[in-house]
Structures are given as C-alpha cells and as structure tokens.
S.K.: 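Here's a structure for you.
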Amino acid sequence: RFKENAWIQRSYLPGDITQKGYEKKRAKLLARYIPLIQDVHTEAVQAALAKYKERKMPMPSKRRSVLVHSSVETYTPPDTSSASEDEGSLRRQGRITSTPFQSHSNAEPWLNRVIQGSSTSSSASSTSSHPGGKPAAASKAILDALNLNTIDGLVSFFHIYTDNHSAPPDVTTGLVEQLHHEQPQVASVRGVPRGYNSSILETGDGVPVNSRVSSKIQQLLNTLKRPKRPPLKEFFVDDFEELLEVQQPDPNQPKPEGNQMNVLKGEPVSVVTNWPPSLLAALQRWGTTQPKAPCLTALDTTGKAVYTLTYGKLWSRSLKLAYTLLNKLTSRNEPLLKPGDRVALVFPNSDPVMFMVAFYGCLLAELIPVPIEVPLTRKDAGSQQVGFLLGSCGVTLALTTDACQKGLPKAQTGEVVTFKGWPRLIWFVIDGKHLAKPTKDWHPQLRDASAEIAYIEYKTSKEGSTVGITISHASMLAHCHALTQACGYSEAETLTNVLDFKRDAGLWHGVLTSVMNRMHVISIPYALMKVNPLSWIQKVCSYKARVAVVKSRDMHWSLLAQRDQRDVSLSSLRMLIVADGANPWSISSCDAFLNVFQSRGLRPEVICPCASSSEALTVAIRRPPELGGPPPGKAVLSMNCLSYGVIRVDTEEKLSVLTVQDVGQIMPGANVCVVKVDGTPYLCKADEVGEICVNSGATGMAYFGLVGITKNVFEAIPVTATGVPVSDQPFTRTGLLGFVGPDYLVFVVGKLDGLITVSGRRHNADDVVATALAVEPMKFVYRGRIAVFSVTVLHDDRIVLVAEQRPDASEEDSFQWMSRVLQAIDSIHQVGVYCLALVPANTLPKAPLGGIHISETKQRFLEGALHPCNVLMCPHTCVTNLPKPRQKQPDVGPASMIVGNLVAGKRIAQASGRDVTQLEDNDQARKFLYLADVLQWRAQTTPDHPLFLLLNSKGTVASTASCMQLHKRAERVAVALMEKGRLNVGDHVALVYPPGVDLIATFYGCLYAGCIPVTVRPPHAQSLTATLPTVRMIVEVSKSACILTTQVITKLLKSKEAAAAVDIKTWPTILDTDDMPKKKLANIFRPTSPDMLAYLDFSVSTTGILMAVLISLNIGIFAFIFPTYFKICTTSFVYSGHQSILVPPLELESNVSLWLSAVSQYKVRVTFCSYSVMEMCTKGLGTQTDMLRMKGVNLSCVRTCMVVAEERPRIALTQSFSKLFKDLGLSARAVSTTFGCRVNVAICLQGTAGPDPTTVYVDMRALRHDRVRLVERGSPHSLPLMESGKILPGVKVIIAHTETKGPLGDSHLGEIWVSSPHNATGYYTVYGEEALHADHFTARLSFGDTQTIWARTGYLGFLRRTELTDASGERHDALYVVGSLDETLELRGMRYHPIDIETSVIRAHKSIAECAVFTWTNLLVVVVELEGSEQEALDLVALVTNVVLEEHYLIVGVVVIVDPGVIPINSRGEKQRMHLRDGFLADQLDPIYVAYNM
C-alpha cells in the first residue's frame, strides 16, 4: 500500500524538507489509510451504537448551584485539557491512532459544541477522531446520519408535551409488549378532587400535563415501553405469596462440545552449570567478584540518573543492615528481632535503591520482608486492611528511608502516628549513618534455598481485604530460574523497569531475577512517568536496553506524547514484556504502540504479553522466535458464548466480540490445567473457559495465617469428569480465567476478581470497562479512571460503572456519554447496567500506583460517600426477577361466606365501647342538651372558676378566661355579629384567629347568636402568597357572610402584599373583635333540634383535598378532643369544667421545653399533643434532659399523655419519647395513642382503665395483598403495629370489605366503619355531590346487619380479640389502624402504604431528613429532603432505589432530592403528599436533583 517513506519523498518533495514538514506531508497522504489501525472493539461499539434508533432519555435535572458554571471563555479546548493526577490524565492530542496530522484543529466546532451543549440523544455517536479533524471515512456515513439528530434532540428534550390526552400505559409490570398498542390504556383515575369533572384530566392522577417535569416523565415512560429482557418462565417460592422470579437456563444457550483437556506440561527446566544454590549466594558471588558492575540506576522526576548502585555496594550495605537488625536493635536488653520475624518495608516508589538494600538485608538476616505502600494519610484507601495484614503477621518493626520517615504524619510527640487499624510499629531509618559495620567474626549464614518463607507479598482481594502471600526461598529461586530461561536473560544485560518494584512482575524481574543474572536495571519511577510518559522509551534508547518491563498503560501514555517521539529508537529491545497482557484492553495498546513505533525500530515479535497472578507468580509469557516461541495468536470470540463460559470463534456477528491475544506458553517446569470455576475443580473441555491452575516449584505457598482459604487456592486437586485426580501434586489456582488455544498458547479472557454473574451469565469487569472506553472516552471521562463492580440487590448481581468526569465536560455531554455507554454495553454484552455514576476528576480512591481502588470505591458507593456529580440508574432494564404483578381474583359473592356471626369461619370483626347511658348521672352538666347552655350554667354556678390559661413562649400566662369572663366575651361577640354584621341565624362566620382564648370566646359567641362558626388558620405574615389563598378558599367555599379576627390580622388581610396574592376587594365584612362594646345579649339563641348544624370543620386532607365536615349540635353532648384546630379546648373542657392550659404550637417552636415545663409547673394530669409536637421535643430536647431535671421539671404527675392522630400510631416516636423523658418521671404507661378522623373525631383512646396497649408484628408483604399475617418480632419484612386504644363509650366499629362492603372476619384487613351518636353528619360541599355524602356518612353493609347506619372512616385496619380483659370484664378488642385508604399506592396490582416505603428510605442514609412518596402514571416518585451538603445529593439516588427494591419489590421511577422543609406538612403534622405531587409536576419545588430511573 505505501512501501517506503522514501517513495513519498521522491514523488512529492523537491528540495530539502524539515522533519516537521515531512511528518505533516506524510500524515496527509496516509490519512485515508489510518482507520485500519482503529482497534476492533471501538469499531464494534460505534457500529452497535449506530444500530440504535434515536430513543430519547429524560436527562436528570440539577439545580444550578450543584453545577459548576462555566462560561465559554473558561472552557479549555479539548486538546489542552488540564492534566489530572492519574492515568489517562495526560494531555491528549487525538485518539490513540492519531499521528501528528491532527494537531492543528480549528476552534469552531469546539466552540459550537460549548454553546449548543451537546446532543442528549441516546446514540449520536460522533466517531470523528478529533473535534477538528475529518471523521474517519468508514464512519462518516454513521456520523452524517446521527448529526441530523443532534440539535433536534436537544430541542425536543425540553419540548413541552401538551398533546398527550391519555395516560401512558402501565409499563411497570413489564409483562405485556406494548409496542403495537397505538391506543394506550387509561390509568384509573383515583384521588380526584371532589366535584371535579374528571374529563378535564389529562393523566391518570388529575394533573394536566403541561410542565417540563411531566414531559421528562413522558420520555421516561417511552424508554420503558420495550418489554423487559429476558422473558422468565418459572419462579421459586420466597417464603410466601410474593414469588421472586428465578432465571431458568435458556434451552438454546451454547454448551461446550470439545473433549476434556489434558494437563499441559511446560518445557523442562534446563540444567545450568554453576547455577547458584540460592539467590543470596548469587548476590554474594556478584558482590565479591564483580563489585563494580552496575546493579540498579535510580532516576529523579526530571529523568536524570541520581544514583547507580553497584553489586559491591548492594552486598556491603545489605550485610551492614542485616548485622544492625540482628545485633543493634534491642528492647529490654533482649534482641528486638530473631530469625523468622516479619519486618515491614515502607519505601516510596522513587527509591528503588534503598528498597533493594532493605530487601536483601532482611533476607541475609533471615528476617521475612513484607513490602507495603507508604501510607500518606490516616485515611488512605485500603490502609486499614494493610494494618490488619501487618497485625496478623506480627510485624513490630518498619524499615524506611530518612526522607520518607520525615514525610509521614506525626503525632504531637513527634513520633509517626499509628494509622487506623495498624499495630504499634517501631520505625527504623536505614540510611547509611544509622547502620553499624559488622564485626570481623560476623558472617551471615547463606543456606541453600529451602521451603522456609523468604518474603510475603500483599494482595488486595475483590472484597477489599488484604492478604499476605508467602513465597519460599525455593520458590523464589525456581521462579528466577524459570524466568531466566523463558526470557533468555544473560549476564550483564540491561533491563528498563517501569513497574512497581515492591511486588509482582516489577519485583520478580527488576529485583530478584536481575540479581540472579547480574543484570543492570534502570528503574523508572511513577512520578517521572506522569511528567514525561516517554521517559521509559528514552531510557531504553539511551541505555540500549535489551528488555523493558511495562504495563499497557505505559504504552498507551507514550502514544499521547507525540512531540518527542521522533528522536527515539527501540531497535535495541529484544523483549518488551507487557505485564498485564492478560487484560482485554492490552491488545489495543500493543497494536497501536507497534503501529506508531515500528518506524522507530520496534520489531513486532519483540512485544511479549505475559500473564501472572500473586498466588502462582508468572503463569505464561510469550517468547520471541529466537527463543523458540510459536507465532503470536489472536482470537475473535463471541461475547455471548463467553458469558456462558463457552469459546466460539465469531465470524458473522462482528459487534459483540472480544478480541484477545495470547499470553504465550506456560513457564518451564510447570504443569497447567483449566478447571471449572465453581465447586469441585473438574477439568474443563477444550472449548470451555475455566480457571487456570498451575503446579510448579515456582508458585506461592500459602496465605499467611489463613489455613482455610489456603487449602482451597494453593492445594487444589483437579479431577477428571469421572472424579479421578489428574496428579498427586496439588495445583495452585491462579484466579485467571482462560483456555489453551492452538500451539499450546494460553489465552486469558478475564480474572476471577472481576467476574460479575448476572442472571446466571458471567461478565468480566475489564470487558465492560473496555466497551465503555470505546465510546469516545477522551472527551468526557479519563481513560484510566473507570471502575466496574457489582452490588447485590434483590438476590442478583447488578453492574455499577463509576468514572471520573473531565472538568470541562458539560452536563449534556456527560449525560449523552452515559446514555451511549448504556447502549453499547447493552448491545455488546447483552446485559443492563444498574447504575452509572460520574464523579469529579481526582475524587475516586486511588490504588498506590495509579488505577482505582475498586473495593474502596464499591464501599463508598454502598455507604453513600462517593459524591457523584452525575448519576443514571437503570433498574427497569436490569431487574428482571421481580415477583409477578398480582392479578385481582374475581371475588366470591359477599353473602356466600356468612353463617350466623361468622365470616369465612371467623368471628365478625366488630366491637363496641360501653353504653353512654350507663355513665353515672351525678354531674349537673350532663342534663343540658347544648354546649351554649353548659357555659351559661357554669357562668352562674362557678363564675370565677378558671377554664383556660394561655401561655406564651417564655412560659408566662398571656391571657386567662374564667367561666364568667368567657360567657361575657361570648355575649359581646354575639351582639357585634347581630348589630355590626347584621347576620341572621344560620349564617356562616369565618373565625381567623391564632390558637388562644379569643378563638374560644368567638366560637361560643357564634353559638350564642345562632351563627355557624368556621375555624380558619390565620395566614402567615412571612409567606402570605402561600398561605393566604387557602384562607380565601375556605372563606369562599364555606360561603361565610362575615370574618371575625384581630386588629393585626385585619390589617394583614387588607395589606398591599395580600392584594398581590388574592383579590382583597371581595372579602366579606371583616369585624375586629379586639375592642367591642360591653353590651348584654337580649336573648341567647336556642336551637330547635339537636340535629342542627353546630360548626364547620375545614381541613386539607393528606391527599390534598379541602374538606369541610358538618358537626351537628348533639355532638356537643359528647364533645371530644381533636386538634384539627382548637376543638380540643373549645368544646370538651367547657363541658367537663376542667381547667385547661393552652400552649400555642408557634410558641413551642421558639421554646421547645415550654410544654413539658408547663405540665410540670401546673401538675397536669392529662395532656394532649400531636406527633409533630412529640417529634419536636424528641429532637430538640434529646440532649437536655439533665438540664430540665435541674430546672425542676417533673413529669410524674402525668397520668395520660395522649397523642391525637388521624394515622397509624408512630411506635418508634412514642417509644423514644417515653424512653427519653423516663428520667423526668414520665411513666411508661402514660404515653398513649388515640384515633379519630373527619367522620368521627373520637373513635378510640387509651384510657387508664383498660389493659396496656398491645403491639403485633404483621408481614408487610401480606399487607400489600390486603391480608393480615401475624409474625414473630424481628422476622424479615415484619412491621410493628400498635393498637390505637380502647373504643369509646357509645361507639361501634366494624371492619368492612373495601369493595363488596360486606363485613370481614377477625384479623382481616378492611375499612374501619364507625357508628355512634357523635358521628359527623356529612360533608359541606359546594358542588352538591350527594353520592359522596351518602357513601361516607350513611353507609350500610351489603349483608349481615344491613339496618345500622355507619360512617366510613376511609382508613384501613383490623380488629383483633385479645386475651386481655378490660374493666368491664369483657375480652378486650384491639383496633389496629394501618393507614388511609386514599393515600395507598396501587402498584403492580398491590396496595402499598406510603409510610412503609418512607420508613425504609429514611433509614437508607444518615443525611435523609424526611421523605414522601407518591405515584404518577404508575411511576413511583420518591422525594427526599437532604440534610447535609448538596454534594451528597446524588449519593442518595442509588441508595433509595436499592432499599425500595430490596424491601418492597418496587422499582423507583423518579428520585427527587430537595432542601429540608420542602415536603408540606399540615397542622396535624401529616405529610401533604398530593400538594407535593402538584408542586413537583408544576416544577415549583426547586429540587437539588431529579433523577429519572430508566
């Protein structure tokens, strides 16, 4: 094709030309042939992406403060991107394949990219080699096709969907293929505001789709329409009715068909005359006979040789050190060390000379060196594990250099700190001045190589634990011998070593085998490689090195530094040993390196990949032809077959293939076989992938101190299919997965450490990384900074990919890269990625010499400490083993099950309190029929008896009211209503007051005048725009003819600020009650019948619906407590005549201890609070109980502290409250729960007379199926439920089926229905929807007792007859409230209670302060409040998704992270989930981050 450079010169270059001009011309001519170089994998990925149709994915939205704003000016053009601290971080001038012809890029496309933001399309894969260069011809067509979509993609992304008039299909079941349904099913409309016409709804839940958020959710639903892969047939029983799917083997999956392999025998070890009997003997020989011969040259970070250690110096200094260690270090007059002790070697990568002296010094002293990394900080990744290793090895002494010791962190005493998890160490500096000269008569014993331990090499396992592998003297010698023979090392050769000399190939070649053969090693420190990646090539050139030991990373880096390549020559190399040749991406580095450097004297046969493992040392190495090696092999294997462990050469399907190179032949003197990965080590068939095992004299011996796993790994006995052992010698498992190919070449396709098994198929972490890298890595992420690992969620491995993002990559760029990586992996590996996270540059934990510390990264991911800046979760694609959605069975007819008072064989679940008439008739008050009468009677009989005290935040009495004062004030209000307001009997009056005596007085004033009071919470001065519309709405809806309020609030209602929020001209008459004339009421209104309306109770339900309940006058007889506003004080205490102390909730916020201090000061026996108050006290006073005790707070007077609630009892909160204030004398029995709701404010309460409340544990999974299944405490999926108290006198309760309305049996879950004289009489409704009214307030059972009229509470619960007896001697019936029916979420055919999901989510991470969940178009949306820094926000996405999957078998659709206090809470402390939903869909939450799970 292009024979010789000379030809180019002859044809095109007339006179002389500079080297630079020549390079430029040459590059231009060769440009169109360059694509041939591009490696197979990249082409496959680009082609796979091109196959993908344009599928829009909703991009996560992020608050601007989380993004780092960057203007166009601050953008760095791609080819000068700033270097980071690590691999892949070198300045890049194009792709691997790009020669200098691309370095002059024009800036326009780059600028455009910055201004437009890149496309968010899922597969617009730009294959141009460089932003300015021409795209490769091969991929130009793809590019043209894709570029059309780029900008449109972005526009349509933020396009507002308004034309969607029906709800998207329910895609969350994943069972029905919906690609052909043009007409999507409409989701059922639940929770519609009363009286709305449902035809205006455009989505399933009553929210018009016109917001950016909903258009993104629409995109999300579109991406989920594909049916899930793979279809699963069978399932196994997971304890109970929720059956988790389990992967069945695919009948068409490939199976191995070859013959069983035989054990492969390596060439015999050649016999060498005068081969030294041990490594130390070799050192002695060279140190005494060739003292001037160079052994090791150390370089500084400029590449200058700082010191050359000769063999003479190495010998003499090692002797000195050995003598000093054995004779000069003492503790309590005993020598500190004795032969066989372990010693830590802590040397920086820049000081190979000192390390070598220390290593050989320890060997001479018969001590066992344990080389480890320098711990830089107390929190190094994996440092704690290294400490455990040192502790288990019993290390007490650490050797180091003077400079290194000075750099270690110090305690105040000046000594080196003890690192976390490390034993206490004595640090000994081995610089010359600290060593003593040995005496004349001291000589070290040079024994022949034996089975004693020579040194311990550390290794970090997949889980992050660090183990020590022991290498014996005999193994060390045998390994040096085998390497010398395999590599053809000869005396005095020069070797360049780029690897870490403390372990692995760097140690074996550069410290041990080199001394055996008196070689000269040039050691290239990592710091120099970072500054000058060509340094190793320059040293090969200047020292005429015959051998170089590198990693594929070093080859890759040198390609990027193109400017200085022209002056080097690699013709002296006979072997370029690639230590990580077993990695799948090393082949592309080798090919690209050869392409560029062949013209610089590099011969193709010089490149020698090798495979090694810490346990088996070198396993195989490719030999050059002159050493008798066969020609190199390359295999193109089907990725799909590999995932089943089968080898198939792939010819047709070029996309999902893995190209691997051989790692040569096995070592001399070794036997090798391939065995099955799991279970008994059976030999594999010839076409099957398995773990390579080695039997030779040159492997490790054991894991130090770990007998169990040593037996598994170092003493494996491979057996044939019939179970016959293949050898009487044990084999060592290498942890490498591979097979033996033609010419007995070894191929490695992965490592056991990187193995990820998803649904029975095996994938290799390194392969996944290689695929991710093939998706234009250089633009968005750093090449060497990608980690892939698996986490177990819902009984299967899930793939997580974490990468470091370049600082100049925009949000859109990164998201586009992420979505394309997902597709590439999906296409090539046929596996879904569960989570893809991008973190800022340089934040992933580093392994000692570059690379990522995978186990530490995984640990951070699971703990929520990774702090990503971009996250994409894809649980919908990956999680294929969810239980089948529940199919609703057609129910049997309601009456077919009832016999007498049994339903389905169980007692009917109904219970009632005592009869009201049985109450002793000793109190005069009970004879009155109406509340107004009671107050008048009390004003006459006990005029000065104090009824109410109102406290302020300082704990002092702000105002009081005696019977007479209250009566007088009520009269004045009544007069004002009639005279000033000109109101008639039955008119509605809005009372806009803060909690207090004013409110109570005006309430009775209305009753005196015959008007109907409507209590309204006053607007908040600071947030008028948010709170005033609610006031306005209640006033309008209740048709109030007049507003009573204070002077301050009157001004507020008429202020300019109010005018901005509502139309203030349309307020009804506003009367200020602060100074009213003292007039006596002529006659107090007397109701004509007890069923007349007494007052209206307006409140916003938790489902966000404004409701008013009609409370009739006869309820006054049995008025009760409920904090929907101040009914608690208004009614019952006047009736009973008790003195009440009122604590306004707002005052409590500024002084949390106010309530408890007041209880103690006034010796209160009965106190009422809400859960929000209890939570405030628990959080605010948790640490202050001692201080309160010193102030004299004593709660022993409290007989009952009632939490008034319209929800399931919050057990954890009441328990922690009781426990916390037990020290202040609060009795454990005192705290109790009550239950009431809108239709009946008082159903049950825990009095002092009844038995203690019982707690049962129910199976949460059964609850989803509307069943109650009692389980033991602590069993999985158990949920504690506490009974809500004793059913009150005159109240009857029954449990009814939610749909058939038939009665249910004992311990069955259904709706709680209540019948009592104090039921509310209906809803006050503007729209006149009679059906709702009848349904809720005059319900009748469909069979059984069909006469009684019940009110439906709207709450699910069950009744359970207990063994306990109550005061009347009857068996006690306990009522358990499970949750509101309106709030339940219907997902996958099951019923979920939001509180259960929220409880799980709050436990997921310490920074989650509060959480609320709701559904939208069948997607579960989780909103979490983040209490912490915004950089933690994205950590929560994966944790929330994981916990909901694990505990509830649900896939979260959207995770919204907001600031504390965003989730709206009503006056009763209940979450307003529907308000939150509306706010989210209208884009009003200002979220920190919104993640759309794919």
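For the numbers below, each heavy atom of this structure counts, side chains included, while hydrogens, waters and symmetry mates do not. In this text, all values refer to a predicted model and were calculated from it rather than measured experimentally.
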S.K.: Under 4.0 Å between a Lys/Arg side-chain N and an Asp/Glu carboxylate O for Asp1396 and Arg1264?
M.R.: no
S.K.: Looking at every non-hydrogen atom in both residues, tell me the closest pair between Leu1304 and Gly1310 and how far apart they are.
M.R.: CD1-CA, 3.6 Å
S.K.: Asp1306: which residues meet the salt bridge (Lys or Arg N to Asp or Glu O under 4.0 Å) condition with it, sequence neighbours left out?
M.R.: Arg907
S.K.: Would you please name every residue forming a ring pair (Phe, Tyr, Trp, His ring centres under 6.0 Å) with Tyr1376, sequence neighbours left out?
M.R.: Phe1358
S.K.: Heavy-atom distance under 4.5 Å between the side chains of Tyr1004 and Leu1007, does that happen here?
M.R.: yes
S.K.: Considering residues at least two apart in sequence or located in another chain, which fulfil the salt bridge (Lys or Arg N to Asp or Glu O under 4.0 Å) criterion with Glu1398?
M.R.: Lys1471, Arg1473
S.K.: I want to check something: taking the side chain as every heavy atom from C-beta on, are Met1174 and Val1231 in contact at a cut-off of under 4.5 Å?
M.R.: yes
S.K.: Taking all heavy atoms of Tyr1171 and all of Thr1233, pick out the closest pair and write down the distance.
M.R.: OH-CG2, 3.4 Å
S.K.: Might you point out which heavy atoms bring Leu1281 and Arg1208 nearest each other, and give the distance in Å?
M.R.: CD2-CD, 3.6 Å
S.K.: Working to the nearest 0.5 angstrom, can you tell me the gap between His988 NE2 and Cys1006 SG?
M.R.: 11.0 Å
S.K.: Between Thr1384 and Tyr1392, is there a donor-acceptor pair closer than 3.5 Å when you use the side chain of the first and the backbone of the second?
M.R.: no
S.K.: Below 4.5 Å, heavy atoms only, C-beta onward: do Thr1399 and Ile1395 meet side chain to side chain?
M.R.: yes
S.K.: For the atom pair CG (Leu1359) and OG1 (Thr1362), what is the distance rounded to the nearest 0.5 Å?
M.R.: 11.0 Å
S.K.: Using a distance-only test with no angle check, is there a side-chain donor-acceptor pair under 3.5 angstrom linking Thr1348 and Asp1345?
M.R.: yes
S.K.: How far does OG of Ser1342 sit from CD of Glu1299, to the nearest 0.5 angstrom?
M.R.: 12.0 Å
S.K.: With side chain to side chain contact (heavy atoms under 4.5 Å, CB included) as the test, would you mind laying out the steps for Thr1200 and Ser1232 before giving the verdict?
M.R.: CA-CA 7 Å; Thr1200 313; Ser1232 61; 3.9 Å; yes
S.K.: At what distance, to the nearest 0.5 angstrom, does CD of Glu1311 lie from OG1 of Thr1353?
M.R.: 5.0 Å
S.K.: Give me the atom names and distance for the closest heavy-atom approach of Leu1341 to Gly1302.
M.R.: CD2-C, 4.3 Å
S.K.: Run Arg1210 and Glu1207 through salt bridge (charged side-chain N to carboxylate O under 4.0 Å, His left out) and show every step you take.
M.R.: CA-CA 8 Å; Arg1210 300 190 200 172; Glu1207 59 179 295; 3.1 Å; yes
S.K.: What verdict does the side chain to side chain contact (heavy atoms under 4.5 Å, CB included) test give for Val1173 and Val1203, after you've listed the backbone C-alpha separation in whole Å, the side-chain angles of each residue and the deciding distance to 0.1 Å?
M.R.: CA-CA 9 Å; Val1173 169; Val1203 194; over 6 Å; no
S.K.: Would you find a donor on one side and an acceptor on the other, under 3.5 Å apart, between the side chain of Asp987 and the backbone of Asn984?
M.R.: yes
S.K.: Return the minimal non-hydrogen interatomic distance between Asp1373 and Arg1361, and the atom names on each side.
M.R.: OD1-NE, 3.0 Å
S.K.: Side-chain contact test, heavy atoms from C-beta onward, threshold under 4.5 Å: evaluate it for Arg1352 versus Lys1301 and give yes or no.
M.R.: yes
S.K.: I'd like to know if the side chain of Glu1283 pairs up with that of Thr1254 as donor and acceptor (distance under 3.5 Å, no hydrogens or angles considered).
M.R.: yes
S.K.: Can you tell me how far apart CZ (Arg1391) and CG (Leu1309) are? Round to the nearest 0.5 Å.
M.R.: 7.5 Å
S.K.: Hey, does the side chain of Arg1340 reach the backbone of Gln1347 with a donor-acceptor pair shorter than 3.5 angstrom?
M.R.: yes
S.K.: Which heavy-atom pair separates Pro1209 from Val1377 by the least distance, and what is that distance?
M.R.: CD-O, 4.2 Å
S.K.: Once you round to the nearest 0.5 Å, how far does CZ of Phe1343 lie from NE2 of His1297?
M.R.: 9.5 Å
S.K.: Evaluate the criterion side chain to side chain contact (heavy atoms under 4.5 Å, CB included) for residue pair Val1258 and Val1271; output intermediate values, then yes/no.
M.R.: CA-CA 5 Å; Val1258 297; Val1271 292; 5.8 Å; no
S.K.: Go through it in stages, so that I can follow the logic: the residues are Val1314 and Val1291, the test is side chain to side chain contact (heavy atoms under 4.5 Å, CB included), and I'd like the CA-CA distance, side-chain angles, deciding distance and then a yes or no.
M.R.: CA-CA 7 Å; Val1314 58; Val1291 179; 3.5 Å; yes
